[in-house]
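Contents: one structure, followed by commentary.
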Amino acid sequence: MERLSRQFPNSDSVYYMDMWPFSPPLMVVSSPSTASQAVQQQSLRKPSTLMDLFYPITGGPDLIFMNGEQWKKSRSVFNPGFNPSYLVSQVPAIVEEVVIFKSILQGAGQQGKVFQLDPVTLNLTLDVIARITLDIQLHHQQSPHEFASALQSQMSWLSLGNEFNLFKRWNPARPLVQWYNAYVMDRFLDKELDKHFEPTPGNAPDVKAPRSNRSIIGLSAESYIKERTLGRTDEAMDKAFREFTKTQIRTFLFAGHDTTSSSMCYAYYLISENPSTLAKLRTEHDTIFGEDYTKAESVLAEKPHLINMVPYTTAVIKEALRMFPPSSSIREGSPDCFIVGADGTKYPTDSTLVWVMHQSLHRNPNYWVRPDDFLPERWLVGPNDPLYPIKDAWRPFEFGPRNCLGQELAMLEVKAVLILTCREFNIAAAYDEWDLGHPKNGPKSVKGDRMYQIERVGAHPADGFPCKIQLR
Ligand code: HEM
């Protein structure tokens with residue numbers, strides 16, 4: 001997709017792609033102006049077909065693919081749970097989960113074997129999002145949790161209907177596995193909901209859920225209680241609220257861990273490939289958290305606001321997200337919506353899916369100086385520097401009303417992980433060793449990167465990022 005977009009400079013990299021019968025016609029956009037037109041200036045809808053495709057994971061109309069009033073109302077219910085200052089208060093909980101992650105890295109370091117990092121970061125980010133969403137510890141990093149395992153299995157069985165391997169696409173076992181996973185997830189969530197939603201005699205209409213608990217489940221309970229104050233207490237409403245909340249929780253747990261895990265892996269990879277970056281990171285962490293790195297977790301838990309005082313670490317993460325964005329955006333075209341290219345041509349979007357391709361926009365040489373080089377400095381220079389990023393060219397979390405609700409949380413998580421691990425471990429990609437034990441046909445790299453991105457719901461590092469961990 002990225003290579004193709006370079007072939008259409010006159011249209012500012014807009015092109016159409018028809019892959020019938022594998023997907024509906026696509027309009028691919030990968031420049032700041034065309035991306036802004038698609039998701040900020042025009043109110044194109046999220047494609048309803050995608051909501052259906054993601055149904056096995058979410059189980060209903062989910063916040064990511066909802067439209068109109070339903071989306072507006074739902075987003076306003078959950079916004080407070082992602083307020084930046086509230087999230088900083090959750091840093092101690094994130095630190096607790098990262099400490100468990102660190103102990104896993106220590107074990108792998110002592111064994112000295114090649115180790116796939118992506119599944120481990122996936123378990124970490126799932127444990128973190130469970131804290132934020134359900135206000136509980138799943139301990140999935142230590143031993144498989146029934147809900148977390150069912151969700152991860154559901155994601156691995158997801159079919160987007162474009163698999164070339166027909167057995168994979170129409171695998172007869174899929175509906176059974178998906179039914180069972182959904183059953184396990186809902187059974188667990190029903191038990192959690194009983195703790196928050198059970199209408200008890202003490203739950204008088206004027207009772208409010210405590211404002212201090214802004215977990216997703218808490219916010220949903222609060223909105224439920226608000227409806228009750230309006231006198232709506234019928235059984236149908238109770239049931240509808242339950243189903244709505246289960247769907248959103250499944251959505252948050254899915255959206256809140258997959259992409260963040262991938263971002264952690266790419267940050268580690270790029271740091272390990274750039275020793276001067278690692279040295280600068282360590283200096284920043286020594287300065288802010290003290291030179292004794294064994295104390296960093298207690299310092300961070302006691303003074304969570306320090307997490308926002310690490311500009312170099314933030315620059316490294318932003319650059320990793322530029323080079324390897326784990327996601328992208330998609331909208332449904334409409335007869336009255338046109339995207340205007342650099343030459344003034346109006347491109348119709350009718351009957352297409354408009355795909356804002358972050359991967360190619362973030363490497364578009366028309367908008368980025370040295371797009372294929374890892375340069376955290378571009379996030380630290382002033383507007384007169386040639387490296388200074390162009391407005392709207394970096395959009396891993398997307399802009400506009402449908403931007404990522406969890407972006408602040410994702411940044412906090414990756415920062416916490418780097419702050420608590422970079423001084424204690426050296427993590428280096430070990431693809432050479434991995435490839436000896438896992439021979440492959442065909443090319444082994446994309447644009448010179450062995451750690452290219454593969455589709456696994458979000459984009460993930462090839463082969464789960466095999467690496468070697470050294471304790472310092
Ligand atoms: C590095 C990590 C992440 C990346 C790169 C990312 C990226 C994105 C992008 C690009 C969108 C917009 C999609 C579109 O416009 O079609 C989005 C939406 C969303 N993301 Fe994230 N995300 C990340 C982490 C998270 C986390 C931690 C959560 C927490 C629950 C989350 C929850 C959501 C939700 C709920 C939406 C839908 C928002 C709406 O439509 O109102 N994401 N994300």
Side-chain angles (χ1 to χ4, degrees), residues 29 35-36 38-40 42-48 50-51 54 57-58 61-79 81-84 87 90 94 97 121-122 124-134 151 214-217 219 247-267 314 317-332 353-359 361-362 394-417 453 457-460:
V29 303
S36 304
V39 302
Q40 286 163 268
Q42 324 238 16
S43 46
L44 290 177
R45 293 167 67 82
K46 293 278 186 117
S48 49
L50 284 185
M51 190 187 279
F54 280 87
I57 292 179
T58 61
D62 62 88
L63 185 62
I64 301 178
F65 293 112
M66 277 174 188
N67 283 302
E69 273 309 307
Q70 189 187 27
W71 164 75
K72 233 187 213 168
K73 194 171 168 209
S74 307
R75 179 133 177 169
S76 71
V77 169
F78 299 121
N79 262 335
F82 296 92
N83 168 296
L87 285 175
Q90 300 304 299
I94 298 176
E97 301 300 339
T121 49
L122 275 167
L124 162 66
T125 51
L126 195 36
D127 273 350
V128 171
I129 193 66
R131 298 286 290 258
I132 305 294
T133 306
L134 292 165
L151 175 65
R214 294 198 218 157
S215 61
I216 295 304
I217 198 165
L219 290 167
T247 291
Q248 305 323 317
I249 291 175
R250 281 166 63 167
T251 305
F252 281 115
L253 280 149
F254 143 66
H257 89 288
D258 189 55
T259 43
T260 315
S261 160
S262 165
S263 315
M264 282 175 192
C265 290
Y266 278 105
T314 308
I317 300 167
K318 287 180 85 169
E319 186 65 346
L321 280 167
R322 181 187 69 81
M323 295 185 73
F324 297 100
S327 174
S328 57
S329 309
I330 200 142
R331 297 289 182 274
E332 207 163 67
L353 291 182
V354 182
W355 191 1
V356 182
M357 200 5 119
H358 295 169
Q359 284 81 359
L361 167 48
H362 286 184
W394 184 82
R395 46 200 314 140
F397 297 110
E398 206 37 273
F399 294 124
R402 304 301 300 257
N403 67 355
C404 175
L405 185 54
Q407 55 188 292
E408 199 69 38
L409 173 64
M411 289 299 289
L412 287 185
E413 283 181 60
V414 189
K415 277 194 265 183
V417 158
Q453 293 180 295
V457 193
H460 280 260

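Just follow the structure's listing: the first ligand is 1, and inside any ligand the first atom is 1. Because the structure is predicted, anything quoted here is derived from the model rather than measured.
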- [ ] Have a look at Ser328, Ser327, Cys404 and point out the one with the heavy atom closest to atom 13 (C) of ligand 1.
- [x] Ser328

- [ ] Please report which non-hydrogen protein atom sits nearest to atom 1 (C) of ligand 1, along with the residue it belongs to and the distance in Å to one decimal place.
- [x]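 It is Ser263 OG, 3.1 Å.
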
TODO: Specify the protein heavy atom at minimum distance from atom 38 (C) of ligand 1: its residue, its atom name, and the distance to 0.1 Å.
DONE: Arg75 NH1, 3.4 Å

Is it true that [X] lies under 4.0 Å from ligand 1, counting heavy atoms only?
X: Val356; result: no
X: Trp71; result: yes
X: Lys46; result: yes
X: Ile129; result: yes
X: Arg331; result: yes

- [ ] Taking atom types as modelled, find out whether Glu398 and Ser329 have a side-chain donor-acceptor pair closer than 3.5 angstrom.
- [x]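 Distance-only check passes for Glu398 and Ser329.
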
Open item on the list: Any nitrogen or oxygen of His358, side chain or backbone, less than 3.5 Å from one on ligand 1?
Closed with: no

Open item on the list: Is there a polar contact between ligand 1 and Arg402, counting only N or O atoms under 3.5 Å apart?
Closed with: yes

TODO: Report, in ascending order of atom number, the atoms of ligand 1 lying under 4.0 Å from any heavy atom of Phe252.
DONE: 30 (C), 35 (C)

